[in-house]
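This report refers to the structure that appears directly beneath it.
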Amino acid sequence: MKKIIIYCLLLIVFCSFVIPAVRADYVLPYPSYMPGNKLYKVGRVIDTHKRFWYFGSIAQTKYHLGLSDKYLVEAKTLFEYKQYMLGADALIRSNNEFNEIPHYIAKAKESGIDVTLLKATILDAAKKHGEVLSLLDEQLPKTFLWEPEKEKPTELKLHDLLTASAGVRIKIVNDIALF
Amino acid sequence: MKPFIIVLYISTLIVLTVFSYGFIDPNLSLSTNPILIRFIEPLTFLVYHKRPIATILFFIILIILYIYYVLFLYNPKYGISSMEKLRKVLLASATVLIFSYPALSYDLFNYITTAKVLFRYHENPYIVIPVEIPNDPNLLFTRAANKTALYGPVWLAITAIPHYLGSGNIWLTIIAYKGMNAVVFLLFAYMVYHVTKSITNVLFFALNPLVIMETLVSGHNDIFMMILALAGLVLWKNKLVINNIIGWLLFIASWFIKGATVVLLPVFILRKLSLHYSLFIAYFLLLIVILAIAPIREELYPWYAVWIVSVMSLLPIDKHQFLTNLTIIFTFSLELRHLPYMWMGYYAGVGPGLRSLFIVIPVFVYLVVYGIIGVIKKSS
């Protein structure tokens, strides 16, 4: 827990030097369909195929950030309902989407676009994600043993996952600060 | 037709072209040529610092253009008797006005910047707004840069032509857009002649000052939507199946320019209606959109009248004298809507009230006069 708080504080301090903060608070979306809902799978298919509509570096950045936000909210909701396995899966997806962002910011910069605003948005998002992750770390058990009836039990290291997720955000913010 | 009238008419268009450069956005630099700058400076001073005088000048130009219009349309003495002569007049008009500045609206700059988002930065303009590319120089003189693309994909595809022809130079790009508008304007005029075989109908469309101002000066894209929709309708009424298919395709393509022509769906579905009645219904359907729906969405913009003028130009004008005159008066009153902003420099205050009055008064006066004349005729 302390680690995550320190990470988040470091992130905020570091970023406040890099990018001037003159924007409104970053807002995460409302939770969408959750696993178990009939439309959940449809939503996931649409999410995947929306990438073709979001062509272009800025649009791709928005696409991946949007999905990262969406899956983080999904993870938070699932964790709150003690659906740890599904929540962990959603959080990993959120991390993966966040990981895609620097590539597209670099591409945007290569094509001559001033990426200052884009970087600022990612920083805001990372801060917000950090807040959610640290809150979850406070609320969730450090580990959880998932014991399905007919399968082998799985130990979920929730604290490690949350710490790693915060680390992903910090790494990305550090990476894009260099652009 | 007396040649000096034509010379005077073209001269008025040249004056309009020169005058239009006074409206250059203060943040836009078209050229670094000192001669050109010296030429433009007094014009911008007039428009931005002597607003009442500039407004009166614009009003005078507008009145002169409407006088020519009515003369050419109704007075056989000044009438253009052959298509050959008319072609020359239209070519000369279009050529002169291609070089005018889009004085009365910023929409052309929205088209240019949206096309740039797509073709220069390869971003989806329905997702990415121009202000998300903060270092783009077009932001200095583009309004509505905080909106995603406002028009359909067919229009975006068309804008590739002027975008690449302009090759990054803003002035060349403006001229390329205007050139494209001029080509479609001339094509529409040709279509009117082809369908109606009437020079009067071509004159009604192509010399209408609102059509000239909004299509050739301001460079609005409404004419693209209308040429596709009306060419589609004409082909749909044709006997050949292949023409019918092309007609529908053109009609659907028109939806994806601006969307207003969706309301013409009934006239396409009611196949048995003659072209005449289809156009007649189309006129009223579009008029409903202009008067009822468009003001709810934003406001009643003058260039929407291009829709009804283009439909009217395909109808037998002599059989619809009342509607023809009403359309002319309506276009005149809509052009007057430019005056309050030109005079004051802002949209708020008394502007909206004045703009509404400018529409209501001329139309109301026409209806009263028409009614009185009707009563006198009946009684005599």
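Letters A, B, ... are given to chains in the order of the sequence lines, protein chains preceding strands, and every chain is numbered from 1.
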- Query: Where along residues 127-155 of chain B does a heavy atom come under 4.5 Å of chain A, listed by residue number?
  - Reply: I127(B), V128(B), V131(B), E132(B), I133(B), P134(B), N135(B)
Would you indicate whether [X], at its atom [atom1], is surrounded by more than 12 heavy atoms from other residues, nucleotides or ligands within a distance under 6.0 Å?
{"X": "E151(A)", "atom1": "CD", "result": "no"}
{"X": "Y33(A)", "atom1": "OH", "result": "no"}
{"X": "L145(A)", "atom1": "CG", "result": "yes"}
{"X": "K258(B)", "atom1": "NZ", "result": "yes"}

- Message: Strictly less than 4.5 Å between heavy atoms, which residues of residues 44-68 of chain A line up against chain B? Please order them by number.
- Response: W53(A), Y54(A), F55(A), G56(A), S57(A), I58(A), A59(A), K62(A)
- Task: State the CZ-CD1 distance between R120(B) and I113(A), to the nearest 0.5 angstrom.
- Result: 7.5 Å
